Amino acid sequence: MKLALIKPKSVNVDPWAQEFANCGVDVLENSVQPDCDFILCASISQLNKLEYFHNMYPDIPMINYNWDLYEWIWTSPGGYDWKKYGAFLNKSAEIWCPSDEVVLRTQEYYNCGEKCKVIKTFVRLFDYPEEKIKDKRYIFQPMRYYHEDRNFGWLKKACKELDIRLVESLHKASEEEFKKIIANCSFLVCEYYEASTGGLTLLEGYNLGKPILISDSKYMGGRDYFGDDAIYFKHDSYDNFKHMLLELWNNTEKYTRTLEESKKLTKEYTVEIMVKVMHQRLLELSI
């Protein structure tokens, strides 16, 4: 099998190529040849490149990994052409999504949810010396700011009202600082109403036994990744969010997992497993 992988430079996509090669796939990165079996586009950021190659080779089946679709994309498009992207999703042989949240939005916005298949993404987990994993009494919010999210600001407001220390890295900490922040936090929180995975750093924290608090919204992709292993607040109730935040703050030890317990979940999210699922799906589509 020969696969054209249209991709940005990204730590969440870069390892795909080697893993596909390990599966025996001939991978072309950001180029296409007439004998390619599939074109796999890894991000909307590569839409112009995808359009160029699709126009050149319209008969090669196209697959898009659709990372996220949020309710605000039409009012805050972030520089992307979401209308054109929808047209390419509809032209796709299949659409791969990291969670059911993205499938829901794909159906709502583009009416092609039936083409979607959930293939969960891998997580760049890290090990940390167990004796250095502490609870230094602060909450960690690992996400970038989604100002448009209907729950944005809840966490800062609640922490101020409850006099709880809040730490946010906002993608500015070095890798070592970032790991230390996670290892020393009390627990991690994503306040948002919707997120395609909930935030992959939540899984990095859970991997070290840290409790996780997320919303129960049907648009919260973290539900797909954590299931019963996260703590949930009512997505439309600030008072419930504040209550659950205080519950975790006052009873952190009760919700903290051992490393053995946490790794039962996180071991599912490796790049090897993710690409193996993608490769198997390509084989099925080839028949």
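What you see below is based on every heavy atom in this structure, not just the backbone, and it leaves out hydrogens, waters and symmetry mates. Computed from a predicted structure; not experimentally measured.
Because its NZ or CZ atom is not both nearer than 6.0 Å to the ring centre of Tyr206 and within 45° of the ring axis, Arg257 does not count as a cation-pi partner of that residue. Judged by the 6.0 Å distance and 45° axis criteria, Arg137 is positioned over the aromatic ring of Trp249. In this structure, Lys234 fails the cation-pi test against Phe241, since its NZ or CZ atom is not both closer than 6.0 Å to the six-membered ring centre and inside 45 degrees of the ring normal.
Using a distance-only test at 3.5 Å, with no hydrogens or angles considered, a donor-acceptor pair links the side chain of Tyr225 to the main chain of Pro98. Looking only at distances, a side-chain donor or acceptor of Thr258 sits under 3.5 Å from a matching main-chain atom of Glu261. When atom types are taken as modelled, the side chain of Asp100 and the backbone of Val118 share no donor-acceptor pair closer than 3.5 angstrom. Proximity of a side-chain donor or acceptor of Lys134 to a complementary backbone N or O of Ala183 within less than 3.5 Å is not detected. In terms of modelled atom types and a separation under 3.5 Å, the side chain of Ser196 and the main chain of Trp67 share a donor-acceptor contact. Under a 3.5 Å cut-off, the side chain of Asn151 and the backbone N or O of Glu191 do form a donor-acceptor pair. For the pair Tyr232 (side chain) and Ser217 (backbone), a donor-acceptor distance under 3.5 Å is absent. Looking only at distances, no side-chain donor or acceptor of Asn251 sits under 3.5 Å from a matching main-chain atom of Lys254. Between the side chain of Ser262 and the main chain of Leu259, a donor-acceptor pair closer than 3.5 Å is present.
Under the side-chain contact (heavy atoms from CB on, under 4.5 Å) rule, Leu50 has a single partner from Cys41, Ser45, Ser92, which is Cys41. Under the ring pair (Phe, Tyr, Trp, His ring centres under 6.0 Å) rule, Tyr193 has a single partner from Tyr70, Tyr219, Phe152, Trp72, which is Tyr219.
Using a 4.0 Å cut-off between charged side-chain N and carboxylate O, Glu194 and Arg105 make a salt bridge. At a threshold of 4.0 Å, the pair Lys179-Glu175 counts as salt-bridged, since one of the basic side-chain nitrogens sits closer than that to a carboxylate oxygen. Look at Arg281 and Glu284 and you find a salt bridge, because one of the NZ, NE, NH1 or NH2 atoms lies within 4.0 Å of a carboxylate O, short of that distance. A salt bridge does not link Lys218 with Glu101: none of the charged nitrogens is closer than 4.0 Å to a carboxylate oxygen. With respect to Lys156 and Glu168, a salt bridge is recorded, a charged nitrogen being found less than 4.0 Å from a carboxylate O. Salt-bridge formation is not detected for the pair Glu268/Lys120: no Lys NZ or Arg NE/NH1/NH2 atom is positioned less than 4.0 Å from an Asp or Glu carboxylate oxygen.
Hydrophobic clustering places Tyr65 together with Val275 (ILVMFWY residues linked when any side-chain heavy atoms are closer than 4.5 Å, directly or through intermediates). Note on Tyr138 and Leu202: same hydrophobic cluster, where clusters join Ile, Leu, Val, Met, Phe, Trp and Tyr whose side-chain heavy atoms are under 4.5 Å apart, directly or indirectly. The cluster map of Ile, Leu, Val, Met, Phe, Trp and Tyr, joined by side-chain heavy atoms under 4.5 Å apart, puts Leu162 and Leu213 in the same cluster. Follow the hydrophobic side-chain contacts under 4.5 Å out from Val13 and you never reach Tyr269; the two are in separate clusters. Tyr128 and Leu188 fall within the same hydrophobic cluster, where Ile, Leu, Val, Met, Phe, Trp and Tyr residues are linked whenever their side-chain heavy atoms come under 4.5 Å apart, directly or through other members.
For the atom pair Thr197 OG1 and Asp68 CG, the distance stands at 8.5 Å (nearest 0.5 Å). For the atom pair CD1 of Ile44 and CG of Leu69, the computed distance is 7.5 Å after rounding to the nearest 0.5 Å. To the nearest 0.5 angstrom, Lys115 atom NZ is 12.5 Å from Cys97 atom SG. Once rounded to the nearest 0.5 Å, the distance linking CE of Met274 with CD of Glu272 reads 12.0 Å. How far CG of Leu40 is from CD of Glu94: 11.0 Å, rounded to the nearest 0.5 Å. Here the CG atom belonging to Leu282 is positioned 6.0 Å from the CG atom belonging to Leu3, to the nearest 0.5 angstrom.
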**OP:** Kindly determine whether Phe140 and Phe178 satisfy side-chain contact (heavy atoms from CB on, under 4.5 Å), including the steps that lead there.
**Re:** CA-CA 10 Å; Phe140 182 40; Phe178 185 68; 3.7 Å; yes
**OP:** Please lay out, stage by stage, how Glu19 and Lys276 fare under the test salt bridge (charged side-chain N to carboxylate O under 4.0 Å, His left out).
**Re:** CA-CA 8 Å; Glu19 287 303 322; Lys276 183 178 180 180; over 6 Å; no
**OP:** Take Tyr109 and Trp82 through the ring-ring contact (aromatic ring centres under 6.0 Å, His included) test and state the conclusion after the steps.
**Re:** CA-CA 10 Å; Tyr109 294 163; Trp82 294 100; 8.7 Å; no
Original post:
Which is it for Leu5 and Trp16 under the side-chain contact (heavy atoms from CB on, under 4.5 Å) test, yes or no, and what are the steps along the way?
Top reply: CA-CA 9 Å; Leu5 179 58; Trp16 292 7; 3.9 Å; yes
**OP:** Show the numbers, then the answer: is there a side-chain contact (heavy atoms from CB on, under 4.5 Å) between Leu245 and Leu248?
**Re:** CA-CA 5 Å; Leu245 198 70; Leu248 260 69; over 6 Å; no
**OP:** Apply side chain to side chain donor-acceptor pair (under 3.5 Å) to the pair Gln46 and Ser43, showing each step before the final yes or no.
**Re:** CA-CA 6 Å; Gln46 306 303 295; Ser43 170; 5.4 Å; no
Subject >> Steps toward side-chain contact (heavy atoms from CB on, under 4.5 Å) verdict (Leu89, Asn66) >> reply: CA-CA 8 Å; Leu89 293 180; Asn66 181 18; 3.9 Å; yes
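A 6.0 Å sphere centred on NZ of Lys132 holds no more than 12 heavy atoms belonging to other residues, nucleotides or ligands. When the shell of 6.0 Å around CD of Glu148 is examined, it contains more than 12 heavy atoms from other residues, nucleotides or ligands. A 6.0 Å sphere centred on NZ of Lys49 holds more than 12 heavy atoms belonging to other residues, nucleotides or ligands. For Tyr52, the OH atom counts as loosely surrounded, since its 6.0 Å shell holds 12 or fewer non-hydrogen atoms of other residues, nucleotides or ligands. Few gaps surround NZ on Lys91; more than 12 heavy atoms of other groups in view lie less than 6.0 Å from it. For Asp228, the CG atom sits in a loose shell: 12 or fewer heavy atoms of surrounding residues, nucleotides or ligands are nearer than 6.0 Å. Other residues, nucleotides and ligands contribute over 12 non-hydrogen atoms within 6.0 Å of the CD atom of Glu114.
The minimum heavy-atom distance between Leu166 and Cys159, with the atom names listed, is CB-SG, 4.0 Å. Considering all non-hydrogen atoms of both residues, Ile60 and Val32 come closest at CD1-CG1, 3.8 Å. What you find for Ile181 and Ala173 is that their closest heavy atoms are CD1-CB, 4.4 Å.
Residues Asn55 and Glu51 have side chains that never bring a donor and an acceptor to within less than 3.5 angstrom of each other. No side-chain donor-acceptor contact under 3.5 Å links Glu253 and Thr256. A donor-acceptor pair shorter than 3.5 Å can be found between the side chains of Lys2 and Gln33. Judged by distance alone, the side chains of Asn207 and Lys263 do bring a donor and an acceptor atom under 3.5 Å apart. When only modelled atom types and interatomic distance are considered, Glu204 and Thr201 share a side-chain donor-acceptor pair under 3.5 Å. Judged purely by distance below 3.5 Å, without hydrogens or angles, the side chains of Asn12 and Thr121 never pair a donor atom with an acceptor atom.
Ring orientation note: the planes of Phe233 and Trp154 are tilted relative to one another, at an angle of 30° to 60°.
If you look at Tyr146 and Tyr192, their ring centroids are closer than 6.0 Å.
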